[in-house]
Amino acid sequence: MIPAARSPNRADLDGSGWADPHPPRRLGFAVKIAGRPDLKDHDSRRWQNGPHLRVSLHYLDQIFAYLAEHGIRMYRISSDIAPYITHPDLPQFHQQIEECRDALTALGERARALNLRLSMHPAQHIVLNSPTERVAAASMSDLAYHARFLDALSADANAKIVTHTGGVYGDRAAAADRFVRHYESLPSAVQRRLVLENDETSWSVEEVLRIHERTGIPLVFDTLHHAVNNPSRIAVHDAFRLCLATWPAEHVPKIHFSTQRREHREISRQDPNTGIRAGVRVPAKPGQHDDWIDGNEFIAFLEGAGDARFDVMLEAKQKQLALFRLRDDLLAAGRSGDIW
DNA sequence: CGATGTCAAGGAATC
DNA sequence: GATTCCTTGACATCG
């Protein structure tokens, strides 16, 4: 771990005229803090026990303190932060954002003071292009909750909600049409925040680019998904540049970066016959996230990125510990002036 | 206290 | 048509 005090000082790397202690590109991580069970990311109690956003916000405040301590300026908030807020059968949970207005305002101010870029990534059940009307409608209301939450923080325009296109359902053209149609029917509060990520099975960079062309939705380039789902063989930096170009000039684009797991790993599995739980070694399947970020791979990616402005959300099992280790690698390679 | 079952929600691959 | 995986933990209950 590198304490914030050890982060190297640099001058005016972004041309702003200010001697910023940090380089312009931000490194972030998602939701959970590894090795710190005391730092929870949301109130996960069952509905019978009355979980509440105000408890989650207390947790988030402690996470912000951790981020400040370590000079981390990018973080993905748990989509479960407001428990059951869109559950159709539990209306008593639906007003949590209003009930926490003051705490949300205060946390938003804190995030701004930390120059913290926030984001959210709704769970896999949120499928905007579902042919099931009920699922699509529930997805739209869930996206609206995410937007209300970020708005209640007064988060800036770079605080995005990241989604995938959804399923294919045996008819790709119809599935894309449904995404476009449902996107266009979203309130502008959601449209302002929503960005689209290439996925690992169904919607490659080439395909999300077509959706961008029809909707204007900005694209988050995911390096690992591109590595495993790239049917038209677009070179990685070409795909990267195409996605970056989908962002309006006044916003800072971002990408997802992760290293693919290569080794076998040991998992705990229960034998269906004996019921005995034991460690089993299984080979890594394509597309799985590694515990860490490969520093050489990351630096090679930066070399090809030129002077483009963008932020990087790291997706590694070891979470912020992977970020710290990558910082060490960047420092050793003399590249910490680019990104921190 | 340790072990075990459960958790709001979808889609796709496999058989 | 039904099952399992994605992915993983943490909560909740039971013995």
Side-chain angles (χ1 to χ4, degrees), chain A residues 29-53 55-56 59 63 76 78-94 96 120-146 163-172 174-176 178-179 182 197-204 207 222 224-225 228-229 256 258 260-261 265-280 282-291 315-319:
Chain A
F29 71 101
V31 186
K32 284 181 171 28
I33 290 85
R36 288 292 300 271
D38 56 312
L39 290 174
K40 300 184 179 204
D41 54 85
H42 72 283
D43 185 356
S44 56
R45 292 173 297 164
R46 312 268 159 95
W47 65 266
Q48 294 88 338
N49 298 309
H52 201 279
L53 174 60
V55 177
S56 292
Y59 296 156
I63 289 177
R76 179 191 299 165
S78 168
S79 277
D80 297 327
I81 189 122
Y84 302 100
I85 193 167
T86 57
H87 195 298
D89 303 328
L90 300 172
Q92 68 271 34
F93 288 97
H94 291 186
Q96 291 176 83
M120 301 179 89
H121 197 345
Q124 58 203 140
H125 324 102
I126 305 313
V127 187
L128 190 56
N129 82 337
S130 174
T132 307
E133 196 56 40
R134 175 185 53 79
V135 173
S139 299
M140 289 190 254
S141 91
D142 207 85
L143 292 175
Y145 135 64
H146 283 81
T163 191
H164 292 290
T165 312
V168 172
Y169 312 94
D171 185 344
R172 184 173 291 279
R178 267 196 313 280
F179 184 94
H182 291 163
E197 175 188 353
N198 59 304
D199 70 53
E200 61 192 334
T201 54
S202 304
W203 301 90
S204 65
E207 288 151 346
D222 186 298
L224 178 51
H225 294 166
V228 299
N229 181 24
H256 291 175
S258 37
Q260 188 165 186
R261 184 186 294 280
R265 71 192 276 231
E266 183 151 322
I267 60 163
S268 175
R269 179 154 279 174
Q270 191 170 24
D271 188 295
N273 299 316
T274 65
I276 295 169
R277 188 168 279 278
V280 181
V282 296
K285 281 174 246 177
Q288 286 196 315
H289 291 182
D290 197 76
D291 286 349
E315 294 181 333
K317 299 289 183 206
Q318 292 295 326
K319 301 292 179 176

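Numbered from 1 within each chain, the chains take letters A, B, ... in sequence-line order.
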From the list A/P83, A/S79, A/P51, A/S56, side chain to side chain contact (heavy atoms under 4.5 Å, CB included) with A/H42 holds only for A/S56
Quantified in whole Å, what is the P atom distance between nucleotide C/dT7 and nucleotide B/dC7? 22 Å
Can you tell me how far the CD1 atom of A/I81 sits from the CG atom of A/D43, to the nearest 0.5 Å? 10.0 Å
Starting at CD1 of A/I33 and ending at C1' of C/dA10, how long is that distance when rounded to a whole Å? 15 Å
Please produce a list of atom pairs where a protein N or O lies less than 3.5 Å from an N or O of nucleotides 13-15 of chain C.
none

With A/T132, which residues qualify under side chain to side chain contact (heavy atoms under 4.5 Å, CB included), at least two apart? A/S130, A/R134, A/V135
In sequence, state the C-alpha distance, the side-chain angles, and the governing distance for A/R76 and A/H256, and then conclude on side chain to side chain contact (heavy atoms under 4.5 Å, CB included). CA-CA 11 Å; A/R76 179 191 299 165; A/H256 291 175; 3.5 Å; yes
Got a donor-acceptor contact below 3.5 angstrom from the A/N198 side chain to the A/D222 backbone? yes
Considering heavy-atom distances to DNA chain C, does A/R45 or A/K32 have its closest nucleotide positioned more toward the 5' end? A/K32
Could you give the NZ-to-C1' distance, from A/K319 to C/dG9, as a whole number of Å? 11 Å
To the nearest 0.5 Å, atom CZ of A/R178 lies from atom CG of A/D171 at 7.5 Å
What dot-bracket string describes DNA chain C from 5' to 3', counting Watson-Crick and G-U wobble pairs whose defining distances are under 3.5 Å, with [ ] for crossing pairs and | for pairs to another strand? ||||||..|||||||
Rounding to 0.5 Å, atoms CG (A/L143) and CE (A/M120) come to a distance of 10.5 Å
Restricting to ring pair (Phe, Tyr, Trp, His ring centres under 6.0 Å), what partner residues turn up for A/F179, sequence neighbours left out? none
Separation of the P atoms in B/dG10 and C/dA10, to the nearest angstrom: 24 Å
Whole Å only: how far is the NE2 atom of A/H164 from the C1' atom of C/dT7? 13 Å
Excluding sequence neighbours, so at least two apart, what forms ring pair (Phe, Tyr, Trp, His ring centres under 6.0 Å) with A/F93? A/Y84
Spacing between A/D199 atom CG and C/dC5 atom P, to the nearest angstrom: 21 Å
For atom CG of A/L39 and atom P of C/dG9, their distance in whole Å: 17 Å
Nucleotide by nucleotide, 5' to 3', does protein get under 4.0 Å of the base (B), only the sugar-phosphate (S), or neither (-) in nucleotides 6-11 of chain B, counting heavy atoms? BSBBBS
Can you confirm whether A/T201 sits close enough to A/D199 that some side-chain heavy atom of one is under 4.5 Å from a side-chain heavy atom of the other? yes
Gap in Å between the two P atoms, one belonging to B/dA8 and one to C/dT13, rounded: 12 Å
Would you mind reporting whether A/H125 and A/D142 have side-chain heavy atoms less than 4.5 Å apart? no
Separation of atom CD in A/E315 from atom C1' in C/dC6, rounded to whole Å: 14 Å
For the pair made of NE2 in A/H289 and P in C/dT7, what is the distance, rounded to whole Å? 7 Å
